[in-house]
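Below is one structure, written out as structure tokens; the observations come after it.
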Amino acid sequence: MENYPVSLIILNGKSADNDLLRSAVEMLREEGFTLHVRVTWEKGDAIRFVAEAARLGVDTVIAGGGDGTINEIATALAKLPADKRPALGILPLGTANDFATSTGIPAELDKALQLAIIGKATPIDIVQVNDDAFFINMATGGFGTRITTETPEKLKAALGGVSYLIHGLMRMDTLKPDSCEIRGDNFQWQGDALVIGIGNGRQAGGGQQLCPQALINDGLLHLRIFTGEELLPALLTTLTRPEESPNIIDGISSWFEITAPHEITFNLDGEPLSGQHFRIQVQPGALSCRLPPDCELLK
Ligand SMILES: Nc1ncnc2c1ncn2[C@@H]1O[C@H](COP(=O)(O)OP(=O)(O)OP(=O)(O)O)[C@@H](O)[C@H]1O
Ligand SMILES: [Mg+2]
């Protein structure tokens with residue numbers, strides 16, 4: 001018999017009750033593929049399942065969920081020894097799915113699952129933050145952070161990605177620019193930022209293109225800072241017509257260091273991390289990801 005690839009799907013419990021996925025899995029098993037399925041209940045479960053996948057020696061760990069699920073799994077993969085690291089596949093089952101959407105992963109579950117199992121594995125960068133945290137798509141700080149970390153589950157379920165923006169606008173009166181200092185290769189900036197986006201990928205917050213030129217396999221991060229005193233006008237022009245905004249500062253570097261006089265919260269692929277100092281460093285080509293051949297985020 002031919003060597004069929006072996007995969008382990010880690011499914012966010014929120015998305016476990018999905019008949020389409022059940023039949024897609026059954027169909028591929030009938031074709032001869034080995035597919036293990038594990039379901040998470042809370043943060044931390046995915047890490048144990050990644051360890052199990054490494055013990056089983058699977059070819060691919062498939063993240064079934066949104067950006068938070070991909071982050072947890074990619075982080076666990078990055079912490080494995082390189083020679084024991086399975087490839088990453090993606091089944092977009094979250095609310096916003098910014099990484100999956102921007103990398104061109106099909107929204108249809110059966111197609112996405114096929115790609116996750118037999119798609120070409122391409123080395124991509126992952127980004128380390130301080131000692132222990134990682135992101136694969138984007139880190140956002142300032143205004144955007146509060147939007148994504150505080151958007152309640154019910155609003156997210158009803159409205160999807162748009163809820164982040166709506167919820168943020170509703171809370172505008174309580175939001176203020178964050179003061180900070182940012183350094184990178186040939187880059188230094190100090191001031192008040194409304195939103196800081198640091199992209200390995202391009203978009204966050206449900207389709208907001210914060211780093212429209214970023215590539216996930218070039219060893220570089222794209223930084224975009226939105227500045228300004230007036231929150232609403234700045235936010236509206238910057239998000240709708242970024243090229244016309246006087247409030248944008250861009251930078252490119254393989255690392256950035258951010259220091260703030262008070263605690264700020266960064267949102268790493270949807271997962272919050274608070275502190276006053278962030279050292280952000282690319283690990284080039286550290287993850288192998290099954291992506292569509294025409295993925296726009298590859299160089
Ligand atoms: N059954 C579960 N319900 C909620 N969160 C879970 C569950 N299982 C694991 N988690 C963990 O909670 C964290 C946040 O998950 P979150 O609800 O943001 O899902 P997500 O995959 O990012 O999808 P979404 O796009 O809806 O946010 C992730 O680290 C995830 O692994
Ligand atoms: Mg999330």
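Just so you know, ligand 1 is whichever comes first in the structure, and atom 1 is the first atom listed for that ligand. Everything numeric in this text was worked out from a predicted model, so none of it was measured.
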Close approach, Ala96 and ligand 1, non-hydrogen under 4.0 angstrom: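 The answer is yes: ligand 1 sits under 4.0 Å from a heavy atom of Ala96.
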Asn12 to ligand 1, any heavy atom closer than 4.0 Å: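 Per 4.0 Å heavy-atom rule, Asn12 contacts ligand 1.
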Short N or O distance, Asn97 and ligand 1, threshold 3.5 Å exclusive: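 No, there is no polar N/O contact under 3.5 Å.
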Close N or O approach (Gly68, ligand 1; < 3.5 Å):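 Among all N and O atoms of Gly68, at least one is under 3.5 Å from an N or O of ligand 1.
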Go through ligand 1 atom by atom and flag the ones less than 4.0 Å from a non-hydrogen atom of [X].
X     : answer
Gly13 : 1 (N)
Gly66 : 20 (P), 21 (O), 22 (O), 23 (O), 25 (O)
Gly65 : 21 (O)

Arg224 bridged to Asp250 by N-O distance under 4.0 Å: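 Yes.
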Lys/Arg-Asp/Glu bridge criterion (N-O < 4.0 Å) met for Lys79, Asp132: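 Yes, charged N to carboxylate O under 4.0 Å.
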Counting only heavy atoms closer than 4.0 Å, does ligand 1 sit against the backbone of [X], its side chain, both, or neither?
X      : value
Glu72  : side chain
Asp67  : backbone
Glu271 : side chain

Approximate separation, where rounding is to 0.5 Å, of Ile90 CD1 and Ile62 CD1: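 So the gap between those two atoms works out to 10.0 Å.
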Arg290 and Thr60: side chain donor to acceptor below 3.5 Å: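 Distance-only check passes for Arg290 and Thr60.
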pair Thr75-Asp269: side-chain heavy atoms closer than 4.5 Å: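 No, their side chains stay 4.5 Å or more apart.
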Exam field: side chain Glu181 to backbone Ile258, donor-acceptor pair closer than 3.5 Å: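 The answer is no, because no donor-acceptor pair under 3.5 Å joins these two groups.
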Member of Ile216, Leu221, Val282 meeting the side-chain contact (heavy atoms from CB on, under 4.5 Å) criterion with Asp125: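 Option passing the side-chain contact (heavy atoms from CB on, under 4.5 Å) with Asp125: Val282.
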